[in-house]
Each structure stands twice: as C-alpha cells, then as structure tokens.
Amino acid sequence: MDSMTHDAERLERMSGMLKRRGIILPAFEIHGGAKGLYDFGPVGGRLRNRVNQTWINHWLALGNIVELSCPTVTPYAVLEASGHVGEFSDFMTVCTACEEASRADTLLEASHPNPDALTQSELQSLLFEINPTCPNCNEQSWSEVSAQNLMFNTTIGAGSSGRPGFLRPETAQGMFTSFSALLRHNRDRLPFGAIQVGKGYRNEISPRQGMIRLREFNMAELEYFINPHEQQLHDFSQWAGIEMRLLPDGQEEVKMSIEDAVSSNTVRHSTVGFFMAQTYDFLVKVGIDPERLRFRQHEADEMAHYAMDCWDAEILGSYGWVECVGIAHRGCYDLEAHEKATGKTLRARREFSEPKVVEIDGWTMNGATAGPAFRALAGAVKKAVEGLDASTSFPTLVTLASGEEVDVSPEHVKRVQRTETISGEWYIPHVVEPAFGIDRIIWHILDHAYDDTGKDGDSYTVLRLNNSIAPVDYCVFPLFEKEGMGEMARTLHRTLCAAPGIVSVYDSSGSIGRRYARADEIGVPHCLTVDHQSIEDGTVTVRNRDTGEQHRVHTDDLL
RNA sequence: GCGGAUAUGGUGUAGUGGUAACAUAGGAGGUUUCCAACCUCUUGUCGCGGGUUCGACUCCCGCUAUCCGCACCA
C-alpha cells in the first residue's frame, strides 16, 4: 500500500513536471480542454520527433523498407472494405420514454442468435418487430437505430456533392490500398515492407489514464508483405544472448531467446518472431528498460478477426502493464478485402520451381459462324461448348445453362488441342504488421527515465533520456555574463544551433547549480560552461548529466 | 455512458458571501571561480456558462476537464 501511494505521488510529480516544462500538456486548455487530446509542448515536440525518426531509421536499416505518407482523411468505402465500419460501430437506439441509450444488438440478443452480425437496417426492422422492453424504464418505444462509430466522421467535399469519410483509425489501410505501387517499386519481389508514421483517430467513449488512451494519437506501423508459400528465413543470431520475457497464450511467463521461441513454435511464425526481436531492439534503443518489457500473446478469442498470431509488447509503468506495440500476422485478410471490394488485383507473382504442363483438349465456339447463328444465345452456347468432353461429336444437342437446348453443327465449333506451360501463379501476399503506439511508448520512456530521488532524501529531478532522443542536446552557460564570457557563450550557442540536427539552449540566469538542475530536469545530456579559462584558451567544460563529471573540450572539437 | 471525488498564479497548496495568501518556479539587478545558496525589485491566479444576492472565487444549477471504480475499448 505504501508503494502504491508512493507510485501515485511520483506519477503526480512527474505529470506536473511534464506540464511545467512543456513536454506533455492538455490541449486547448484555455478553452476548457478536450478529453483525450494532448499537446507535445516546446520540449516534447522534439522528443516525439526524435522518437519517430529513430523508429523510421530503425526499419529503413533492414534494407527492403520504404516510407509512405498517406492521408488521414479516408473515404468511407476504404474503411468499409477493411471491416472498420462494421467492427468499429455500435448501433444505438434511444428509449423515447426515458431517453436512455442502449445498444440495439444487446436489446435483441434474446430474439436473434447473432444480432451483432446484423446490418443497421436489419437491426432497425427487427427492433421494431420485437419491440423489446427498455431495461431502464420497461417502456417499449424506441427511436431509429443510429450508428455510433468509434471513428471520426467527416465529409470529403463541400455541400451536397460531399462524400462520407472518416479520419483514419490506423495508418495501415493507405499502405494496403497502394500495394500495387509498392510492388512495382520493389520490382515485383517480395518480401518488402512499407512504414508510415502519422496520426490516427479513434473517438473513444471514455479516454483515460492520460496518454494511454487518446482520441488522436501518434502511430507508427510497418506492413511487411511476404509470400506465404515460402519459408521466411531470419537470422536470429544477434539476439542469441537475450532472454525475452514471453507470456504465451494461457501459460505462465517464460524467459527464452527469440530463436528458441520460434523453433519451439511458441511464436508461430518466424517473421513475427523477427519483428518481436526488432521491436525489442527499438524499444531498448529509445530508453525502455528491458526488465520492464514483455511480450504477451493474444488469446484466440481476443485476437482480431483476421489475425493468425498476435503478440503485444507490453511495458510496465505507472499504469501497470500497458500494450504499446502489437505485432500481428494478418494473413491475406487486408489485401483480399480490398480486392473483393474493388475488383482490382492486389497480388504478387510467384514462379513454380518446375513449370506445370497442362494438356488442353476440348472444344470452343467458332465465333464467325456461331455468332450469326445463335445471336443472343451465342455467349451461353460458347460456355456450354467449352464444357463439353473432347470426345463429343457434332452435330449434337447442347444444353445451355438456362436449360434451353440448341442444335450445334460442326461448323459452329473448333477443336482446341494444345499444351500449356504454366510457370507460376498470382497470389495474395500475407502481411505481418508491427504497429507502435508512439504516445504510449513516449510515456513509458519518460516514466522509465524520470528519476527524482536525489541524494540525502532531497528531491532532485533528472530525466535520464538516451542521447539519441533527448529533446535538447546542449545547454550553454556562461559562468558569469561578464568579461566576455556571455558573448563567447552566445556565439557558441548560435554555432551549435546552426549545426544540422543539434538543439542548444542558452541560459544565463541563476546560479550555475540552478541552471544544471533545470537542464537535468528535461534530460539535456551535456551542459557546456564558458568560464574564465575559456576566454584564454577556447575550451569549455562539458558536464555529463548522469555522472556530473566534467572535462574540458575545445569548442572547435564539439561538433 | 453510470456512480463517487475534485477544479485557486507556470507548478504544488491555503482561504473567505465584501475581488485572494503561502511555497516554489519565472523576469531584472546585485553577489558568487561550476551543481536548486543569498539580497533587492518584479510578472502572474479563483475552469466555463447561467442563477440567487446590493455584492459570488465562496451558495445553487448546468457544462467542460481531471482522478478513482464499473461499463466500453485494444
């Protein structure tokens, strides 16, 4: 219990600091705020950007990954095809007597085996037919059924010509719909992946726990397209020494290397295992404590409808274990869904190891003679003739699909005899998708980096961020702002800021110790102090955030 | 969405039917030869909208937001 209140107090101190120092703060606060919406402030903005960039670089390093940027505004049809319109909807009706809203499918559970599967109009008519009693007031009077979708509605285009659309609930669909361009770019060779970092939107009924459930959130997804007929070989040797915490479905936590997890079929697909290992590397790289990281397998009934295997990376922080990454084997679900909805082909070609030779022997219609002879029936006749056995002799009576019989003469048909060699086939690639919740990851980076246990029981706050994601690289302090020290420090500050990718903050107010403390609080890795000696020999002291140690470096050697 | 609690400077808190205090942080100056020291001056606050009242930050109602349960969601 003590530790609980201790944790809650720490969480409060940390939230206060994040707000005060401009890392994470409630959005639109002067207008009363908005639930589930947060700002990354002047410090947090760059932190988020660096995490995003680290993520992008991490995947581009694989060598067969491209980066995409798709719209957040998405036509209705796309998300209907993907299943989001159905899956993300609840159909609501309101009791006209007491105004209590209820889910229509819940009201009809007693009257239908699977009301969840009904469409809106089916629910509507069944509701009016059954007219169930209101669980709240026992009246039997219901409003029209309306869809309460967890996606944000919008209209694409103005006025009556506008088409319905949504703000995307995930970045993935844009990558699936441009699959053809991706395949062409990769010159028809699999496997390859597409990544995208961007905003996603879910109109959550009840966003909670600060950054953990948001209505607008930063996500980063990789869609990795593979050939299901080919075994995916991955080299796991670089993770040989790492025992990962795994929580397989229905089992106790185990610790094992990713290679063992894959070979024992604990992880059911090698590419899923490969991405679990890559995810582990990424999270550790940005500062997640590996001791507070585990992978949990989805239970069969918990898994999304399309997934074949799914592992969540969960991180332990102030809110307990939180799902921050989902690594799902989605099979061919998505591409197939868009194929069905559009009639377009979203497939890749694979060559058979040995071409298949097919003997074709049969009949086809002679269009020049049969066309004029059968006129409107010609199409049906062709189909029927092509279904005939090679041994058929003409003239003969042919039964069409409609049941009608026609006389077909020898001049109406042609014998087809040839050998076809089929070298390969078109197939729908499978997709393995690691999906990262950037906000949740950033929250846990901050949570794991936040240290406010100073020496001697005094509170002293240090944000122990990794150098690669620290929002500010350097603070530049003149020991005093006189005798040329202020001037030299300002020049150094400007030089640093002008260097690509470097952010420096100049601070001359307060004692030197106070300035170090300010820098530590937002995790600046190095503070540069200009003192009297600097004026003489051009060196400054470089102070390390975590050790407090200092050494002198010439300003020319800083960059 | 339901139930409970809460909302006062940037942050953390006190307080009152007669327009607000403390700490800390911030700014300017001084002092100081490197880890939140000290001195002087200084900036800044009652979530929003109604109602009651001569007067509301305070009482009432509604809304919004936050936190905790439940439900929902992944």
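In what follows, chains are A, B, ... by sequence order, proteins preceding strands, each numbered from 1. Computed from a predicted structure; not experimentally measured.
- Judged by Watson-Crick or G-U wobble contacts below 3.5 Å, the nucleotide A5(B) has U66(B) as its partner.
- Separating the CG atom of Leu11(A) from the P atom of U11(B) is a distance of 16 Å, rounded to the nearest angstrom.
- To the nearest angstrom, C1' of U33(B) lies 12 Å from CD of Glu536(A).
- Atom-to-atom, CD1 of Ile30(A) to P of U45(B) comes out at 14 Å; the value is rounded to the nearest Å.
- Put simply, the side chain of Arg202(A) and the base of C73(B) share no donor and acceptor less than 3.5 Å apart.
- As judged by a 4.0 angstrom heavy-atom cut-off over every strand, Gln533(A) is placed among residues making no nucleic acid contact.
- Summarising the geometry, atom OG1 belonging to Thr541(A) is positioned 13.0 Å from atom CD belonging to Glu549(A); distances are rounded to the nearest 0.5 Å.
- Donor-acceptor pairing under 3.5 Å is lacking for the side chains of Glu433(A) and His329(A).
- Comparing atom distances between the Lys19(A) side chain and each of C35(B), A74(B), U11(B) picks out U11(B) as nearest.
- The side chain of Leu479(A) has U33(B) as its nearest neighbour among U13(B), A37(B), U33(B).
- No side-chain donor-acceptor contact under 3.5 Å links His84(A) to the backbone of Arg168(A).
- When both pairing distances are held under 3.5 Å, A20(B) makes no Watson-Crick or G-U pair with any nucleotide shown.
- Side-chain proximity of Arg543(A) to C35(B), A65(B), C73(B): nearest is C35(B).
- Within the shown strands, nothing qualifies as a pairing partner of U31(B) under the Watson-Crick or G-U definition with both distances less than 3.5 Å.
- Across all strands shown, G55(B) has no partner, as no Watson-Crick or G-U wobble contact with both distances under 3.5 Å is found.
- For the pair Thr461(A) and Phe480(A), nearest-nucleotide mapping onto RNA chain B gives the more 5' position to Phe480(A).
- Applying the 4.0 Å criterion to OP1 and OP2 of G26(B), one finds that Arg20(A) has every side-chain N and O outside that range.
- Residue Ala517(A) places its side chain closer to A36(B) than to any other of A36(B), C73(B), A74(B).
- Checked by atom type, the side-chain pair Asp447(A)/Ser318(A) shows a donor-acceptor distance below 3.5 Å.
- Ranking G10(B), C35(B), U32(B) by closeness to the Tyr460(A) side chain, first place goes to C35(B).
- Look at G26(B): its Watson-Crick or wobble partner, with both distances under 3.5 angstrom, is U42(B).
- Between Gly513(A) and Gly16(A), the residue whose closest nucleotide on RNA chain B is further toward the 5' end is Gly16(A).
- Ion pair Glu221(A)/Arg330(A) not flagged as a salt bridge, since none of the NZ, NE, NH1 or NH2 atoms sits closer than 4.0 Å to an Asp/Glu carboxylate oxygen.
- Whole-Å rounding puts the His31(A) NE2 to G49(B) P distance at 12 Å.
- Between Arg514(A) and A37(B), a side-chain N or O to OP1/OP2 separation shorter than 4.0 Å is present.
- Pair assignment for A36(B): none, as no Watson-Crick or G-U wobble contacts are both less than 3.5 Å.
- The P atoms of C59(B) and C73(B) are separated by 39 Å, rounded to the nearest whole Å.
- Atom CG of Asp520(A) is separated from atom P of C34(B) by 17 Å (rounded to the nearest Å).
- Taking atom CG on Asn203(A) and atom C1' on A74(B), their separation rounds to 16 Å, with Å as the unit.
- OP1 or OP2 of U11(B) has not a single side-chain nitrogen or oxygen of Arg21(A) nearer than 4.0 Å.
- With C35(B), C34(B), U33(B) as the candidates, the nucleotide lying closest to the side chain of Asp531(A) is C34(B).
- Distances were taken from every side-chain heavy atom of Leu150(A) (C-beta onward) to each of C73(B), U33(B), C34(B); the shortest belongs to C73(B).
- Put simply, the side chain of Asp312(A) never gets that close to the backbone of Glu314(A): no donor and acceptor are under 3.5 Å apart.
- Using a 4.0 Å cut-off between a side-chain N of Lys or Arg and a carboxylate O of Asp or Glu, Arg202(A) and Glu216(A) do not qualify as a salt bridge.
- U58(B) and G49(B) have their P atoms separated by 12 Å, with the value rounded to a whole Å.
- Protein atom CZ of Phe152(A) is 14 Å distant from nucleotide atom C1' of C73(B), rounded to whole Å.
- Here the C1' atom of nucleotide A74(B) and the CD atom of Glu314(A) are 11 Å apart, to the nearest Å.
- Of all nucleotides present, none satisfies the Watson-Crick or G-U wobble test against C72(B) with each distance under 3.5 Å.
- Phosphate proximity of C34(B) to Thr529(A): absent, as no side-chain N or O sits under 4.0 Å from OP1 or OP2.
- When the side-chain nitrogen and oxygen atoms of Ser509(A) are compared with OP1 and OP2 of G27(B), one or more of them lie within a distance under 4.0 Å.
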